[in-house]
There are 2 protein chains.
Amino acid sequence: MRRKAGPSKGDLREAAILDVARRMFAERSYEAVTIDDLAAGAGISRTGFYFYFPTKPAVLTALMARVSDDFAASHVWFDSTGPAPDLLREQLLMSARIWRANAGLLSCSATAAASSEPLRDLLTHSKARYDERAAAKIRRDQANGTATTAITAERLAEMISAIRDTQYGRLDQATDTELRNVVDTLVTAIQRLVYH
Amino acid sequence: MRRKAGPSKGDLREAAILDVARRMFAERSYEAVTIDDLAAGAGISRTGFYFYFPTKPAVLTALMARVSDDFAASHVWFDSTGPAPDLLREQLLMSARIWRANAGLLSCSATAAASSEPLRDLLTHSKARYDERAAAKIRRDQANGTATTAITAERLAEMISAIRDTQYGRLDQATDTELRNVVDTLVTAIQRLVYH
DNA sequence: GCAGTATTCGACAGTGCGTCGAAATTTTTG
DNA sequence: CAAAAATTTCGACGCACTGTCGAATACTGC
């Protein structure tokens, strides 16, 4: 009784490549992982790799697409009104955990983006979407008088992203307590920067 | 009458390589410039290049050392007391001009740092020195009650660097007016973030 | 103009990338 | 279940760039 056609052999291979890639990019630097490494790790020859992915950064792009979606699911603060420090903390806490769980991958992506148009596009779009949602929230709060108007909402949003990224850089191997401290610092900084 | 031994032929060649490199890295991406390009641009064969520099990033390191010194010379705000918005503006204006004049080089350096230990060290040290001086200033202002103590001086300093770098990203081809606007925005942001 | 140093270069070897077409395997179909 | 069709695998090849060596050549001071 064959109900569903299970995943074909190729699907499994593709999953294996992604699996190995996630592990390798988490530990080594981007350049230190060769296509040969990925193929060998997935149990195929180097040229076999090209049946599944056109290039090395393409694998990273596939992995990052998932992470990017995870991030997007954590944006609870953007729908609030006013400073809403508790929602901001919750949003930052969720994204900080995602960041920590993917620190190596994010670092490799940043490196690889320099030489891969598709990956660069993914990251750019991902960041743009975040910044736009942040800017929209701040714009609303400027209209209702809770946020400063000394700086445009767009630039405030960019600054929030920038501050967040540097501080997240701290949590590569952070404990839960350290992670909470980083988030608290960010909440304070963002409130100071944007609200009265 | 030979007073001074002029620069030897080799010194001139080295200068030529640095010259060509500055121009090429300003226009193309880091990977798009090969050692062959640099050598040809300086009028020697590819292997001749290795007499002067061990690797491609080493050239970038030499160029960046100068830029790093230029930046260090613009730090007038760090010696002040309190918010000192005028000195802050002056410091940011100077560094913004240096940044704009070297935008391409800075971008290539960021890329190359991923694969070159010496260059990474230079940039890390350069940033660390900046952050330490900023932190020292903020620590003083926290002691005399002008700066917030809700966030440690070290983290505030990191955040300032982060905000500065993103906003400087805007001034790749900026006019003087745009540059001033970016600087004004930064002055406002830093004052909001750090002072009462 | 000669000894010693500085500079240049061609030949070689290594690494990783990506393409091609043929072979082997899996899946579908009758 | 066997033949047809598809999917998957791989070895051979060519390419671009890097880095090393030693021999040849060009400078330099005396």
Side-chain angles (χ1 to χ4, degrees), chain A residues 1-21 24-25 28-62 108-109 111-120, chain B residues 1-21 24-25 27-62 108 111-120:
Chain A
M1 42 153 81
R2 44 190 153 83
R3 291 280 184 81
K4 293 180 178 180
S8 73
K9 193 176 178 189
D11 293 336
L12 293 175
R13 239 13 143 178
E14 185 175 324
I17 292 175
L18 289 171
D19 225 53
V20 169
M24 286 191 176
F25 285 128
R28 307 185 210 167
S29 74
Y30 173 69
E31 297 94 355
V33 176
T34 69
I35 290 180
D36 204 18
D37 294 333
L38 294 177
I44 54 178
S45 73
R46 188 178 65 83
T47 45
F49 169 90
Y50 292 100
F51 181 76
Y52 297 100
F53 296 96
T55 61
K56 183 168 59 161
V59 181
L60 221 28
T61 306
C108 286
S109 293
T111 304
S115 61
S116 165
E117 176 103 20
L119 180 54
R120 187 166 48 247
Chain B
M1 39 154 86
R2 44 193 153 80
R3 290 281 183 79
K4 293 182 179 180
S8 72
K9 194 177 178 187
D11 293 336
L12 293 174
R13 256 340 162 195
E14 186 175 323
I17 293 174
L18 288 170
D19 225 54
V20 169
M24 286 190 176
F25 285 126
E27 290 171 3
R28 307 185 211 167
S29 74
Y30 174 68
E31 298 93 358
V33 177
T34 69
I35 291 179
D36 204 17
D37 293 332
L38 295 176
I44 53 178
S45 74
R46 188 180 64 82
T47 44
F49 169 91
Y50 292 100
F51 182 77
Y52 297 101
F53 296 97
T55 60
K56 183 168 58 158
V59 181
L60 221 29
T61 305
C108 287
T111 304
S115 62
S116 163
E117 175 102 19
L119 180 53
R120 187 164 51 247

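Here is the naming used below: chain letters follow the sequence lines, and residue numbers restart at 1 for every chain.
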In whole angstroms, how far is the C1' atom of dC17(C) from the CD atom of Glu31(B)?
14 Å

Summarise how protein sits on nucleotides 11-18 of chain D as a single string, 5' to 3': B when a protein heavy atom is under 4.0 Å from the base, S for sugar-phosphate-only contact, - for no contact.
BB----SB

Nearest-Å distance, CZ (Phe51(A)) to C1' (dA23(C))?
14 Å

Sequence-distant partners of Ala32(B), side chain to side chain contact (heavy atoms under 4.5 Å, CB included), two or more places apart
Arg28(B), Ser29(B)

dT8(C) OP1/OP2 closer than 4.0 Å to side-chain N/O of Tyr52(B):
yes

Check the phosphate of dT7(D) against Arg13(A), side-chain N and O only, distance under 4.0 Å to OP1 or OP2. Yes or no?
no

Heavy atoms of Ala42(A) and Ile17(A) approach each other most closely as CB-CG1, 3.6 Å

Below 3.5 Å, can you tabulate the donor-acceptor pairs from side chains in residues 43-50 of chain B to any protein atom, sequence neighbours excluded?
unit_1	atom_1	unit_2	atom_2	d
Ser45(B)	OG	Thr47(B)	OG1	3.4
Ser45(B)	OG	Gly48(B)	N	3.4

Going by side chain to side chain contact (heavy atoms under 4.5 Å, CB included), name the residues that satisfy it together with Ala112(B), two or more places apart in sequence or in a different chain.
Tyr30(B), Leu60(B), Leu119(B)

Restricting to side-chain hydrogen bond (donor to acceptor under 3.5 Å, both in side chains), what partner residues turn up for Glu117(A), sequence neighbours left out?
Arg120(A)

Between P of dT7(C) and CD1 of Ile44(B), the distance in whole Å
11 Å

Residues passing the salt bridge (Lys or Arg N to Asp or Glu O under 4.0 Å) test with Asp36(A), sequence neighbours excluded, are none

Length of the CZ-P vector between Phe53(B) and dG19(D), whole Å
14 Å

Provide, to the nearest angstrom, the distance between the CD atom belonging to Glu14(B) and the C1' atom belonging to dA6(C).
13 Å

Check the distance between dT15(C)'s P and Asp37(A)'s CG and give it to me in whole angstrom.
13 Å

